[in-house]
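As the structure is a computational prediction, the values presented were derived from the model and not from experiment.
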Amino acid sequence: MPTVLKNISEIRRFFHRNEDPIYFISATNFNLLGLDEWVKNFKYICYIDCYGGKHPNVFCPSEQPHAEFQSIEDINNYLLQHKEVIDFIKRRGGKPKFVFLMFDEETERLSKELGADVWFPKAKLRTSMDNKIETVRIGNKAGVPSVPNVLAEVKDYDDLRATCEKAGIGHDLVLQSAFGDSGHTTFFIKSEADFRRHEHEIVGEGEIKIMKRIDCRGSAIEACATKEGTIVGPLMTELVGFKELTPYRGGWCGNEILSTAFPPKVREKARDLTFKFGEQLRKEGYRGYFELDFLIDKKTGDLWLGELNPRITGASSMTNHAAFAHADAPLFLFHLLEFSKKKFDLDVDELNDRWADPNMIDSWSQMVIKHTDDGVDICTEAPETGIYKMLEDGSVVYDRFDYHRRAVESENEAFFLRILQPGDYRYEGADIGILVTRGRSMTKSFQLNERAKKWIHGIKKTVDGKPLPVANAGPALADPAFKIL
């Protein structure tokens, strides 16, 4: 094996011959779907078995009593203390490496107890980068502008108005607190009545990002900050707030990847700004995988920085399955390479130019399907993971089991990854699963197209539930305030 990896072929071979066990530990394996086929000794340790025991590289321990989970970090910390997980890791030997969607300092402590390295920047650094206020400041340093905004603590509505008048951003506003998921901690404020509805989530929460409201379209782009430079993936559309998919206004519910989703100038600008942001992250001490949301002004085409996710995300499965990933290597492979400490010498500019070629992007979409009805019951039936077909009358039927997205041959087939299991509580906002199709799920005007609506309806028709037993009907079940994807 060369002491310095100098091209994509050598990098691919390095991982094909990898001996150290690498584990992705999370609620499901969705975010890094398929990575096990690029990296020898790569396994998934998951809380939810989406595959009914049929995936050869997914390990799900039996359910043990635990406190109610409040976050993905709680799920991961539960898994790292589970005897079956500990035995599984020790049985496979070697010097284990862990990657996560989310983790905290307790996760780091538990990983160290297991003799494992966490192949991500420290939790403390990730948390500071994840702060939406800090993102604005990093962007400003990098020359990546945010929507006209002011960062301030809000005491009451009059104080908010005074702050906005001083900043000259008007009174039609979008407020975001420092941390939280889209749809949960983003507030649209145009009047005092709007403010009153969310006052308890704004006042006393410290510095708030107060933005001028613009008519915009969401987009997402992933990248990886390495010692050789920042490697940039493709610009993706975002599905946001569709009532067929999510009950949350402004809530992320999927992505599309296609070469013509945005004009070439917008794509080029997004890639350039992402590269600049990644180079600034390197100066801040961060390295590895990250994702940026850009807001594209519908009237002017201007690009504004939305937020930073210093990690893999719900869009990572799309990035790491794009045509460029099969031609060269998935973007996450460069994250693993960076943390492996293996020396490599890549022409990042040449790689980024190649990945900017529209021929490197094929057309796919993913939709995260949530239960959108109000109320709580117990799931009795849920569609299995596998390949589904849409018949000529628009109905959807299960065709066969598979865990490969590439098994989808046409726009009349789709890969469905099951999240909701029979016996689970079904509540407003519960994840049913992820549907991946070839082609677009939105129209040119970025509304759900008819084919997507038929797919969503077809999958939802196969989900059923029964009322809660009377003994359980008293206490209200709260919607977990975190997403597992």
K.L.:
For Ser395 and Asp393: C-alpha separation, side-chain torsions, deciding distance, then whether side-chain hydrogen bond (donor to acceptor under 3.5 Å, both in side chains) applies.
P.N.:
CA-CA 6 Å; Ser395 60; Asp393 64 0; 2.6 Å; yes
K.L.:
Could you pull out all residues at least two apart from Asn449 that satisfy side chain to side chain donor-acceptor pair (under 3.5 Å)?
P.N.:
none
K.L.:
Indicate yes or no for a side-chain donor-acceptor contact from Asp104 to the backbone of Ala123 under 3.5 Å, with no hydrogens or angles considered.
P.N.:
no
K.L.:
Using the test ring pair (Phe, Tyr, Trp, His ring centres under 6.0 Å), find all partners of Phe188 that sit at least two apart in sequence or belong to another chain.
P.N.:
none
K.L.:
Could you check whether Arg126 makes a cation-pi contact with Phe120, meaning its NZ or CZ is under 6.0 Å from the centre of the six-membered ring and within 45° of the ring axis?
P.N.:
yes
K.L.:
Would you kindly check if the NZ (Lys) or CZ (Arg) of Arg217 is within the cone defined by 45 degrees around the ring axis of Phe446 and under 6.0 Å from the six-membered ring centre?
P.N.:
yes
K.L.:
Is the shortest side-chain N to carboxylate O distance from Lys453 to Glu450 below 4.0 Å?
P.N.:
yes
K.L.:
Tell me which pairs pass salt bridge (Lys or Arg N to Asp or Glu O under 4.0 Å) where either residue lies in residues 233-247, with sequence neighbours left out.
P.N.:
none
K.L.:
If you count every heavy atom of other residues, nucleotides or ligands that lies below 6.0 Å from Lys298 atom NZ, does the total exceed 12?
P.N.:
yes
K.L.:
Determine which pairs satisfy side-chain hydrogen bond (donor to acceptor under 3.5 Å, both in side chains) with at least one residue from residues 367-387, sequence neighbours left out, and list them in order.
P.N.:
Lys370-Asp431, Thr372-Lys460, Asp377-Arg426
K.L.:
Aromatic rings Phe290 and Phe277: how do their planes relate, parallel, tilted or perpendicular, breaks at 30° and 60°?
P.N.:
tilted
K.L.:
Please name all residues satisfying side chain to side chain donor-acceptor pair (under 3.5 Å) with Thr230, sequence neighbours left out, ordered by chain then number.
P.N.:
Glu279
K.L.:
Does the distance from a Lys or Arg side-chain N to an Asp or Glu carboxylate O, for Asp194 and Arg197, drop under 4.0 Å?
P.N.:
yes
K.L.:
Of all residues at least two apart in sequence or in a different chain, which pass the ring pair (Phe, Tyr, Trp, His ring centres under 6.0 Å) check with Phe415?
P.N.:
none
K.L.:
Applying side chain to side chain donor-acceptor pair (under 3.5 Å), can you list everything that pairs with Trp355, at least two apart in sequence or on another chain?
P.N.:
Asp328
K.L.:
With Tyr286, which residues qualify under ring pair (Phe, Tyr, Trp, His ring centres under 6.0 Å), at least two apart?
P.N.:
none
K.L.:
What pairs with Asp297 under side chain to side chain contact (heavy atoms under 4.5 Å, CB included), at least two apart in sequence or on another chain?
P.N.:
Ile214, Lys299, Thr300, Asp302, Trp304
K.L.:
Can we call the ring centroids of Phe100 and Phe24 under 6.0 Å apart?
P.N.:
no
K.L.:
So, Ser177 versus Glu201: side-chain donor-acceptor pair below 3.5 Å or not?
P.N.:
no
K.L.:
By side chain to side chain contact (heavy atoms under 4.5 Å, CB included), which residues pair with Asp347, not counting sequence neighbours?
P.N.:
Asp349, Glu350
K.L.:
Are more than 12 heavy atoms from other residues, nucleotides or ligands located less than 6.0 Å from atom NZ of Lys227?
P.N.:
yes
K.L.:
Who pairs with Tyr51 by side chain to side chain donor-acceptor pair (under 3.5 Å), at least two apart in sequence or on another chain?
P.N.:
Asn29
K.L.:
What I want to find out is whether Arg438 reaches Asp362 closely enough, with some N-O distance under 4.0 Å, to be called a salt bridge.
P.N.:
no
K.L.:
Below 30° counts as parallel, above 60° as perpendicular, anything between as tilted: where do the rings of His335 and Phe332 land?
P.N.:
parallel
K.L.:
Passes side-chain hydrogen bond (donor to acceptor under 3.5 Å, both in side chains), Thr135 versus Glu307? Steps please.
P.N.:
CA-CA 7 Å; Thr135 299; Glu307 64 180 57; over 6 Å; no
K.L.:
Who pairs with Phe401 by ring pair (Phe, Tyr, Trp, His ring centres under 6.0 Å), at least two apart in sequence or on another chain?
P.N.:
none
K.L.:
Checking Arg287 against Phe339: charged group under 6.0 Å from the ring centre and within 45 degrees of the axis?
P.N.:
yes
K.L.:
Looking at Arg406 and Glu37, is any side-chain nitrogen of the basic one under 4.0 Å from a carboxylate oxygen of the acidic one?
P.N.:
yes
K.L.:
Validate the cation-pi geometry between Arg405 and Trp364: distance from NZ or CZ to the six-membered ring centre under 6.0 Å, angle to the ring axis within 45°.
P.N.:
yes
K.L.:
Look at the side chain of Tyr47 and the backbone N and O of Ile72, then say whether any donor-acceptor pair between them is shorter than 3.5 Å.
P.N.:
no
K.L.:
Between Tyr44 and Asp36, do the side chains contain an N or O donor and an N or O acceptor separated by less than 3.5 Å?
P.N.:
yes
K.L.:
What's the verdict on side-chain hydrogen bond (donor to acceptor under 3.5 Å, both in side chains) for Glu413 and Tyr388, showing C-alpha distance, side-chain angles and the deciding distance?
P.N.:
CA-CA 6 Å; Glu413 288 191 341; Tyr388 286 74; over 6 Å; no
K.L.:
Using the side-chain hydrogen bond (donor to acceptor under 3.5 Å, both in side chains) rule, take Gln366 and Ser317 through it: C-alpha gap first, then chi angles, then the decisive distance, then the call.
P.N.:
CA-CA 9 Å; Gln366 66 177 20; Ser317 179; 4.6 Å; no
K.L.:
Give a yes or no on whether the backbone of Phe294 and the side-chain of Ser219 come within a donor-acceptor separation of less than 3.5 Å.
P.N.:
yes
